[in-house]
> 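First the structure, which I've put down as structure tokens, then a few questions once you've had a look.
Model, not experiment: these values are computed from the prediction.
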Amino acid sequence: MSTYFPSGGDITRKWYVVDATGHTLGRLAARVARVLIGKENPRYTPFIDTGDHVVVINASKVRLTGLKAEKKVYHRYTGYPGGLRSEEFAKRFARRPESVVEAAIVGMLPKSKMGRSMAGKLKIYRDDKHPHAAQKPESLELAKRA
């Protein structure tokens, strides 16, 4: 008996919408990353991108636990000597909450060409309006912890 591998025509991608209101950032990111990778799909294959599209709304209403909101710092390097740039979580979250959620989710995807294609299926919006109604996204319910 041979092993089944989905080919390009066999992969049907669904669209999901996730409401981030009140969810913890890391738990939300882990669940969304699993859907993007395709591990929630019974036809999951590690070396084939079988994941679905995910639209995250209300990114500005996500929360952090503990003291991370005061202590977390995002770093990037410009490529020049002395080019380390740092930004505190509170400042970045006030300016662009979508980038905070995106950094958490993309950081949980594979660091490869396939991971970058998975990240392309992620759409994040600050409030509850999104332009993907034509794709008829299904609501993906995530378990909330008290």
> Hey, could you give me the CG/CG distance between N58 and D128, rounded to the nearest 0.5 Å?
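One finds 5.0 Å between CG of N58 and CG of D128.
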
> Roughly how far apart are M108 CE and R31 CZ, rounded to 0.5 Å?
13.5 Å

> Which residue in the set R96, R95, R76 passes salt bridge (Lys or Arg N to Asp or Glu O under 4.0 Å) when paired with E87?
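Per the salt bridge (Lys or Arg N to Asp or Glu O under 4.0 Å) rule, the option paired with E87 is R95, out of R96, R95, R76.
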
> Nearest 0.5 Å please: distance from the NZ atom of K121 over to the OH atom of Y16.
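Reported to 0.5 Å precision, the distance equals 11.5 Å.
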
> Taking R126's backbone N and O only, do any of them form a donor-acceptor pair with S60's side chain (distance below 3.5 Å, no angle check)?
yes

> Between atom CZ of F89 and atom NZ of K71, what is the distance when rounded to the nearest 0.5 Å?
15.0 Å

> Decide whether V55 and V35 are clustered together by the hydrophobic rule: side chain heavy atoms of Ile, Leu, Val, Met, Phe, Trp, Tyr closer than 4.5 Å, transitively.
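No, separate clusters.
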
> Using modelled atom types and a 3.5 Å cut-off, is there a donor and acceptor pairing between side-chain atoms of K111 and backbone atoms of L109?
yes

> What's the separation between atom CD1 in I124 and atom CD in E102, rounded to the nearest 0.5 Å?
5.0 Å

> Following the transitive rule for hydrophobic clusters with a side-chain heavy-atom cut-off under 4.5 Å over Ile, Leu, Val, Met, Phe, Trp and Tyr, establish whether I57 and L140 coincide in one cluster.
no

> Below 4.5 Å, heavy atoms only, C-beta onward: do R63 and L25 meet side chain to side chain?
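Heavy-atom side-chain distance check fails, nothing below 4.5 Å.
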
> Please find the pair of heavy atoms, one from T50 and one from R13, that lie closest to each other, and give the distance.
C-NH1, 3.6 Å

> Please check if the number of heavy atoms outside R92 that lie under 6.0 Å from its CZ is greater than 12.
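Correct, the count exceeds 12.
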
> Shortest non-hydrogen contact from T65 to K68?
OG1-NZ, 3.1 Å

> Surrounding OH of Y80 (heavy atoms of other residues, nucleotides or ligands, distance under 6.0 Å), is the total greater than 12?
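No - once you tally the heavy atoms of other residues, nucleotides and ligands closer than 6.0 Å, there are 12 at most.
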
> I need the S112 OG to M118 CE distance, nearest 0.5 Å.
7.0 Å

> Using the side-chain contact (heavy atoms from CB on, under 4.5 Å) rule, take I48 and I11 through it: C-alpha gap first, then chi angles, then the decisive distance, then the call.
CA-CA 10 Å; I48 299 173; I11 300 171; 3.7 Å; yes

> Using side-chain heavy atoms (C-beta onward) and a distance below 4.5 Å, is L36 in contact with I105?
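L36 vs I105: side chains touch.
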
> If I compare all heavy atoms of A20 with all of L28, which pair ends up nearest, and what's the gap?
CB-CD2, 3.8 Å

> What I'd like to find out is whether the side chain of T45 reaches to under 4.5 Å of the side chain of P6, using heavy atoms alone.
yes

> Which atom names give the shortest non-hydrogen contact between A133 and P137, and what distance separates them?
O-CD, 4.2 Å

> Side chain to side chain donor-acceptor pair (under 3.5 Å) with Y125: which of E98, H130, H132?
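For Y125, the side chain to side chain donor-acceptor pair (under 3.5 Å) check succeeds only for H132.
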
> Go through the side-chain N and O atoms of S117 and D49 and say whether any donor and acceptor fall under 3.5 Å apart.
yes

> Any donor-acceptor pair under 3.5 Å linking the side chain of K123 with the backbone of G120?
yes

> Under 30°, 30 to 60°, or over 60°: which ring-plane class applies to H53 and W15, parallel, tilted or perpendicular?
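Answer is parallel, since the angle falls under 30°.
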
> Does K14 use its side chain to pair, donor to acceptor, with the backbone of E138 at less than 3.5 Å?
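No: the side chain of K14 does not pair with the backbone of E138.
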
> Honestly curious: do V56 and V17 fall in one hydrophobic cluster under the side-chain, below-4.5 Å linking rule?
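No, no single cluster joins them.
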
> With side chains defined as the heavy atoms from C-beta onward, is the minimum distance between I37 and P110 less than 4.5 Å?
yes

> Do L122 and V32 pass the side-chain contact (heavy atoms from CB on, under 4.5 Å) test, and can you show the C-alpha distance, the side-chain angles, and the key distance before you say yes or no?
CA-CA 9 Å; L122 175 66; V32 170; 4.0 Å; yes

